[in-house]
Amino acid sequence: MTPTKEAELRELIRKSALLNAVKHDGKAQTGAVVGKILGEKPEYRSDVKKISAMISEIVQEVNNLSPEEQKRITEEKWPEAFVKEKAEEKRLPPLANAEKYDQVVTRYAPNPDCVLHLGSARAIVLCHEYAKLYKGKFILRFEDTDPRLKRPVLKFYDLIRQDLAWLECKADEEYIQSDRIPIYYEHTERMLKDGNAYVCTCKPEDFREKILAQKPCACRDLSVEENLRRWKLMFEGGYEEGEAVVRVKTDLNHPNPAVRDWPALRVLDTQKYPHPRVGNKYRVWPLYNLASGVDDHLMGITHIIRGKEHLTNEVRQTYMYKHFGWKYPEAIHYGRLKITGASLSKSKIVQGVREGTYKSWDDPRLATFLALRRRGIKPDAIKKMIIDVGPKTSDVILSWENLYAYNRKMLDSTADRYFFVQMPIELTVKRVPKDFNVRLNLHPDHPERGFREYHLKPQGESSTLTLWASRKDIDDSKEGMMLRLMELFNVRIEKASVYSAEGVFVSESYEDARKVKAQLIHWVLIGKDMPCSVIMPDATITEGVAEDACRKLKPDDIIQFERFGFVRVDKNDASLIAYYAQK
Ligand SMILES: [Zn+2]
């Protein structure tokens with residue numbers, strides 16, 4: 001190693017050690033630095049011993065500095081690296097009382113009656129991120145105990161798991177409430193035996209009248225024996241649907257009547273409404289607050305993170321927790337997240353698909369994860385947006401544009417560029433003086449990614465080239481005006497109709513085009529093209545031709561059609577089918 005080389009290497013190690021120290025409370029880890037250096041400079045792998053010795057020496061020097069000193073040097077010498085490190089650590093605000101628990105446990109608890117959509121993203125991402133942040137556990141719990149009104153559907157269990165996997169928010173554990181029905185029975189019985197719950201057989205309107213007047217119904221003060229007898233009857237067919245409900249005792253004077261003696265279990269006619277997983281095995285079904293409340297405790301959930309529409313549920317469940325002598329988990333209730341222009345109503349999505357308004361769950365008009373995925377919206381864009389919004393309690397209104405801004409950041413550097421001509425018409429250019437060999441970089445900032453190359457050879461007596469150009473571009477130009485075919489040459493349009501246009505070669509120089517502010521337009525060489533259909537977010541189809549180089553694209557590739565937008569390749573055989581992501 002020459003002295004210069006060694007000095008360079010030492011400086012690189014010092015930088016890596018300092019950054020590592022800043023990240024780890026002032027103590028750089030030798031192993032991490034070795035890994036980083038050998039990753040960046042694989043040529044030193046043959047000399048690991050020497051390099052490791054050098055690294056451990058420098059790491060020690062760095063660790064002898066105070067954390068303030070380490071930070072100061074880093075910020076001063078490598079401000080950009082420091083900013084980047086910091087940006088990566090931009091995180092959610094700390095979780096309340098996280099230190100009180102051995103392990104932070106969060107849960108996402110969907111009803112499998114629809115696929116997930118953008119409206120679900122906040123709960124999922126916050127719960128998953130917090131679990132990750134505290135090295136905790138993220139639980140997926142299917143809350144499928146309403147086979148009557150919020151009927152679960154088998155295929156959604158799997159689609160929801162797939163949605164989570166796509167979002168990179170896979171659960172560490174999974175539970176399905178319809179597997180746990182006996183657990184809810186057991187806890188209900190305990191409350192009945194302790195006199196903390198009762199079986200109410202009042203007509204709903206009679207109960208309502210009493211409860212609004214802060215008066216008990218006749219069932220509230222029945223003996224434990226009578227309640228257990230009624231409870232047994234609920235299972236034996238002694239009550240029809242709607243005739244009996246178990247209520248949890250609360251404070252009849254609670255200011256919110258909706259809290260007073262809330263219903264916990266009811267009888268359902270499962271002959272009529274069989275459950276998709278357990279059929280008519282059970283007649284008595286728990287309601288949301290019982291099942292969810294019992295599960296949160298039994299599953300060791302430490303932090304419930306959910307929308308503020310659940311605030312009353314916390315109040316209801318707190319009574320049950322008191323009956324059992326349990327401590328209620330920390331609860332974080334975030335504000336509503338509205339996305340303008342996106343329909344986030346599950347019932348409307350389900351109805352639209354059922355009636356055929358939407359072709360499928362991934363119809364581009366929907367904001368389901370399936371649709372976003374098909375269009376080329378990256379899961380990381382969704383995650384970053386949600387993390388930036390955080391768990392604040394105020395309502396937040398976002399737009400598609402907000403999401404596109406995050407997505408663009410991810411796509412701009414990764415998507416290769418191609419030419420696509422929508423509504424193509426034939427453009428004949430005469431008097432082209434020579435052959436042209438055009439090389440187009442796949443990405444303007446990354447020439448190393450390669451290029452496409454087209455050879456254009458004028459034909460016939462008048463040295464003619466025929467190209468596809470967009471009717472819209474030609475329409476926008478007036479006869480006699482100059483246009484610049486991108487990366488090619490300037491042309492003056494002499495004649496244009498709906499089907500074709502004719503022009504004449506003017507010059508090659510880009511300067512000429514700039515001087516007259518000529519419009520830059522895309523083109524595709526006829527014979528070096530392929531048909532291409534782009535499915536737009538409103539489900540209309542934009543037809544056109546893509547350049548020949550697109551033939552090698554594979555499904556899921558996300559590319560940019562210049563001056564058109566980012567698209568995700570959906571299918572590519574004789575013709576290219578793409579979904580439009582965004583501008
Ligand atoms: Zn009653």
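Numbering of ligands and ligand atoms starts at 1, following listing order. Residues: numbered from 1 along the sequence shown.
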Quiz item: Is there a side-chain contact between I160 and F142, using heavy atoms and a 4.5 Å cut-off?
Solution: yes

Self-check item: cation_pi(K322, Y319) dist<6.0 Å, angle<=45
Solution: yes

Self-check item: Results of side chain to side chain donor-acceptor pair (under 3.5 Å) for Q422 - residues two or more places apart only
Solution: none

Quiz item: Do you know how many protein N, O or S atoms are within a distance smaller than 2.8 Å of the Zn ion (ligand 1)?
Solution: 4

Quiz item: Which pairs with one or both residues in residues 243-257 pass salt bridge (Lys or Arg N to Asp or Glu O under 4.0 Å), sequence neighbours excluded?
Solution: none

Quiz item: With sequence neighbours left out, which residue pairs that include part of residues 149-160 fulfil the salt bridge (Lys or Arg N to Asp or Glu O under 4.0 Å) condition?
Solution: D158-R161

Quiz item: Do R283 and L268 have side chains that get closer than 4.5 Å, going by heavy atoms?
Solution: no

